[in-house]
Every structure is written in C-alpha cells, then in structure tokens.
Amino acid sequence: MRITLIFFLLVGMVPKLLLAQNSARDQGINLGVLAPGEWNAITDVPGVAVGQVTLNEGENIRTGVTAILPHQGNLFQQKIPAAVFVGNGFGKLVGSTQIQELGNLESPIILTNTLSVAAGMEGILDYMLFLKGNEHVGSLNAVVGETNDGYLNDIRGRHVKPEHVVEAIRKAKDGPVKEGNVGAGTGTVCFGFKGGIGTASRKLPESLGGFTVGVLVQSNFGGVLQIAGQPVGKILGQYSFKNQLESADGSCMMVVATDAPLDHRSLERIAKRAMMGLARTGGIASNGSGDYVLAFSTTKEQHITSGEIAVLGNDQVTPLFLAAIEATEEAIINSLFAADDMKGKNGRIVKALPKEKVSQLFRD
C-alpha cells in the first residue's frame, strides 16, 4: 500500500519535474525576491492558456506559432482590458493601435515569425469568425506579434499557414508551458545563444493583494547577457560588439498577464516595467530590435461591458511593477536555459547557453 501511494505521488509530480528540469531555478539560480506561482508560467494567472505548433522540418524550416488566450471563452464577446508599450518599434505588432485607442483585447494573441504575420491574422479570423455568437461580426482586431527567425529558418518560404494558427489556438491549455525551441521560438537566437519561448510568474503575498503576474516571451535579441547581476556574456566571451561582425539587432515579444483588476492606463504602466526586466538581462533594445509588451487583465469583473468597473488605485500597483520586472527577467533567462543547440538554414548552427558552465558561476 505504501509503495503504491509513493508511486502515485511521484506520478503526480512528473509534470512539475519535467517543467523544472531546464529552468534557471533548477540550476539553483533564483531570480528576484517574490515567489513564483505553481508552474512558474503565464498560465499561473487563472484562465490563461497557451498553445503551440512547432515546425522543425528538413534542413531549413525552423519556425512555429505560439498562441496566448487570456480566457477560453469568446474573446470578441468578452473583451478584456489591455495595453501595449513599445520599447523599440522596429517590428510588426498587428492590432496594437486599436488596443491603445480602445483599451481592450478581443482576440487571442499570436506570436510567429516576421513574414508569417499575415498567416497569423488569417488564422485568428478563421477561428474567431466562426465561434458561436460571432455569426454577424464584420470587424475583428486580430493581434499578432513577431520576431525574425531568418538566421535559422527559411523565412521567405512562409511555411506557417493559417491552419497552424488555428491548431495552436485549439491546443491552448493551462498548466505547464513548454519552453525553448518550440512554437514561435523554434528558430530564434538570443544574446548569440539559442533563444526561444520562455515563461515565468510571480505570486504576491496576500498582504499585497495575492495577485498573480505571469509573463511569456519570444526571445530573439542581443546585448550583453546578465543573469542575477553576473556579466555572463562577458565571462563567456559572447556579447554584441566584441568584434565588428556581430550585431545586437533582433526582437523580443513580451506578453504580461495578471488577475489584478486593472484598467488600460495601469496596464500600460505594468507593460513599461517589463522592459526593465529585459534590461536586467542585458538587452539593449538596439536600433533594429522590435521590443513590444502586451499586457492584459483577466479578472472576470474586468470583462468589458457597459457600466463602471472597480480597479486598483495608483498607490496599490507598485508590487505588480516588481512582479512584472522579475517575471520578465526570469522568462527571458528561462528561454535560454530551456533551449537546445539547433542546426538550421544553410547548415548554420546556434549553440545553446552552456548551462553547466553558467551554473558553476553561481556555485563558486
């Protein structure tokens, strides 16, 4: 009986063990002071779901789709408060102006590669227009973000199709989120190492509201990598401008979710703090970098309807600022720890972060 009980306990732990094995925390590197949520993922925010489709085919196709759903109902009928902050605008974030103008989100958020943004829009429309209740919808603000994975991926081939986007949306679920070489992060490069999808969360203590902030990133940018204040990129000899042939250009898409009751204005303030999390990792938002933050609140009372909504005041949001900074920083670092070496277009190889060597820096 005792052996059987231990077996079932271990089986119940398997998802968490699998989730943690490639994280910074698994290597003993704990970033920040706030506690993570159960999965240390954006899905720790109640209602949020993530779905991914990975295209890793032949010698040259290294791309995919990542879908983030703030809730799994009809988003057009149950819009939620949202905001956008542009850290550096060298990119294509479809749907951002309507979010800024109206202060709400009405579609899933799709991340993919630069030349597949149109497919992302088509996929959202193929999914949303045929939901029950949307039979007469004639306008919908599809939201699609991107980074350029053209170093490892045959980006001109435009291998992402609308059906891949629909598949990612339909596969979306809560719980653990796969990171690294997956979905929209399949072919990305970060700080000269293999980048990818990364996620993290922070749970505020009850004395500060008990709210959760979760972040998901698509890391594809440059700079001088720092982890917990350590100049890791410099120590490893891998950083932008160490010779004239290297570039810091690239992009980072950051999606911030929270269950805190916030309006558009406060969400924009939260989004700005995500850029501070990127800066903590050594990112520099270079001229050719598209660094965008999308932030939204999932609180049920916040679904946009007629009438007034109760939101947190200005003096109550500071803990959420810290949570957004820490979760963004850790999500980016997790995208590096979860990634593996990848060979792609034209035989190019991008090595993963040397995890053991980096971990040793924090043991010495």
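All residue numbers refer to positions in the sequence shown, counting from 1.
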> Can you name the residues that form a side-chain contact (heavy atoms from CB on, under 4.5 Å) with Lys161, not counting sequence neighbours?
Replying inline: Glu163, His164
>> Do Gln78 and Glu106 make a side-chain contact, defined as non-hydrogen atoms from C-beta onward lying under 4.5 Å apart?
In response: no
> Among side-chain atoms of Asn113 and Thr63, is any donor-acceptor pair under 3.5 angstrom?
Replying inline: yes
> Is it true that the side chains of Ser335 and Ser219 contain a donor and an acceptor less than 3.5 Å apart?
Replying inline: yes
> When you measure from the side chain of Ser266 to the backbone N and O of Leu262, does any donor-acceptor pair fall under 3.5 Å?
Replying inline: no
>> For Gly196, is there any backbone N or O sitting under 3.5 Å from a side-chain donor or acceptor partner on Asn181?
In response: no
> Between Ile61 and Asn153, does a side chain to side chain contact (heavy atoms under 4.5 Å, CB included) hold up when you go through it step by step?
Replying inline: CA-CA 5 Å; Ile61 301 176; Asn153 174 53; 4.2 Å; yes
> Heavy-atom distance under 4.5 Å between the side chains of Leu353 and Phe337, does that happen here?
Replying inline: yes
> Can you name the ring pair (Phe, Tyr, Trp, His ring centres under 6.0 Å) partners of Phe191, sequence neighbours left out?
Replying inline: Phe221
> Atom CG in Leu336, atom NZ in Lys355: separation rounded to 0.5 Å?
Replying inline: 8.5 Å
>> Could you tell me if the side chain of Thr258 sits less than 4.5 Å from the side chain of Leu267, heavy atoms only?
In response: yes
> Going hydrophobic residue to hydrophobic residue with side-chain gaps under 4.5 angstrom, can you get from Leu361 over to Leu225?
Replying inline: yes
> Which heavy atom of Ile68 sits nearest a heavy atom of Val50, and at what distance?
Replying inline: CG1-CG2, 4.5 Å
> Hey, is CZ on Arg348 packed in by over 12 heavy atoms from elsewhere, all under 6.0 Å?
Replying inline: yes
> Does a side-chain heavy-atom distance below 4.5 Å link Leu236 with Lys357?
Replying inline: yes
> Taking a hydrophobic cluster as the set of Ile, Leu, Val, Met, Phe, Trp and Tyr residues connected by side-chain heavy atoms closer than 4.5 Å, whether directly or through intermediates, do Ile110 and Met121 fall within one such cluster?
Replying inline: yes
>> I'd like to know if Asp154 and Lys345 make a salt bridge, using a cut-off of under 4.0 Å between side-chain N and carboxylate O.
In response: no
>> Using side-chain heavy atoms (C-beta onward) and a distance below 4.5 Å, is Val65 in contact with Gln52?
In response: no
>> Counting neighbours of NZ on Lys171 that are heavy atoms of other residues, nucleotides or ligands and sit closer than 6.0 Å, is the number greater than 12?
In response: yes
>> Side chains of Val256 and Val293, heavy atoms from C-beta outward: is any pair under 4.5 Å?
In response: yes
> Linking I/L/V/M/F/W/Y whenever any side-chain heavy atoms sit under 4.5 Å apart, do Ile80 and Ile42 land together?
Replying inline: yes
>> Could you check whether Ser289 and Asp291, counting side-chain N and O atoms only, form a donor-acceptor pair closer than 3.5 Å?
In response: yes
> Just wondering, do Thr212 and Arg202 contact through their side chains at under 4.5 Å, heavy atoms?
Replying inline: no
>> Looking at every heavy atom in both Lys132 and Asn74, which two are closest together, and how far apart are they?
In response: O-ND2, 3.1 Å
>> I'd like to know if the side chain of Thr43 and the backbone of Pro176 have a donor-acceptor N/O pair within less than 3.5 Å.
In response: no
> Do Thr281 and Glu329 have side-chain atoms, one donor and one acceptor, less than 3.5 Å apart?
Replying inline: no
>> Applying a strict under-4.5 Å side-chain criterion to I, L, V, M, F, W and Y, I'd like to know whether Ile169 and Leu140 cluster together.
In response: yes
>> Are Ile325 and Phe296 linked, directly or through intermediate hydrophobic residues, by side-chain heavy-atom contacts shorter than 4.5 Å (ILVMFWY only)?
In response: no
> With a cut-off of under 6.0 Å to the ring centre and 45° to the axis, is Arg269 in cation-pi contact with Phe321?
Replying inline: no
>> For Val143 versus Ile124, what's the shortest heavy-atom pair and its separation?
In response: O-CD1, 3.5 Å
>> Does Asn314 form a side chain to side chain donor-acceptor pair (under 3.5 Å) with Arg265? I'd like the steps, not just the answer.
In response: CA-CA 10 Å; Asn314 291 332; Arg265 183 184 60 81; 2.8 Å; yes
> In Å and rounded to the nearest 0.5 Å, what is the CD1 to CD distance from Ile333 to Gln27?
Replying inline: 12.5 Å
>> Tell me every residue that passes salt bridge (charged side-chain N to carboxylate O under 4.0 Å, His left out) with Glu146, counting only those two or more places apart in sequence or in another chain.
In response: none
>> Please determine whether a side-chain nitrogen of the Lys or Arg among Glu59 and Lys343 lies less than 4.0 Å from a carboxylate oxygen of the Asp or Glu.
In response: no
> Within the distance-only criterion (no hydrogens, no angle test), does the side chain of Asn88 pair as donor or acceptor with the backbone N or O of Ser286 below 3.5 angstrom?
Replying inline: yes
>> Between Arg273 and Glu268 (salt bridge meaning N to carboxylate O under 4.0 Å), is one present in this structure?
In response: no
>> Taking Glu330 first and then Arg25, would you say they form a salt bridge - that is, a charged N and a carboxylate O separated by under 4.0 Å?
In response: yes
>> Determine whether a donor-acceptor pair (N or O, by modelled atom type, separation under 3.5 Å) exists between the side chain of Tyr292 and the backbone of Gly89.
In response: yes
>> Using only atom types and a distance under 3.5 Å, with no angle test, would you say the side chain of Gln98 pairs donor to acceptor with the backbone of Gly95?
In response: no
> Does the side chain of Leu75 come within less than 4.5 Å of Ser107's, by heavy atoms?
Replying inline: no
>> Give me the atom names and distance for the closest heavy-atom approach of Leu152 to Arg62.
In response: O-CG, 3.4 Å
> Hey, is the main chain of Ser201 close enough, under 3.5 Å, to the side chain of Asp44 for a donor-acceptor pair?
Replying inline: no
> What heavy-atom pair brings Val166 and Gly123 nearest, and what distance separates the two atoms?
Replying inline: CG2-O, 3.4 Å
>> Let's go through Ile155 and Thr114 carefully: what are the C-alpha distance in whole Å and the side-chain angles of both, what is the deciding distance for side chain to side chain contact (heavy atoms under 4.5 Å, CB included) to 0.1 Å, and is it a yes or a no?
In response: CA-CA 8 Å; Ile155 194 168; Thr114 306; 4.1 Å; yes
>> Side chains of Gln77 and Asn134: any donor to acceptor distance under 3.5 Å?
In response: yes
>> Restricting to non-hydrogen atoms, name the atom on Ala324 and the atom on Ile270 that form the minimum distance, rounded to 0.1 Å.
In response: CB-CG2, 3.9 Å
>> Tell me whether Asn40 contacts the main-chain N or O of Ala200 through its side chain, where contact means a donor paired with an acceptor under 3.5 Å.
In response: no
>> Check this for me: Glu135, atom CD, are more than 12 non-hydrogen atoms of other residues, nucleotides or ligands nearer than 6.0 Å?
In response: yes
> Short question: side chain of Lys194, backbone of Thr188 - any donor-acceptor pair under 3.5 Å?
Replying inline: yes
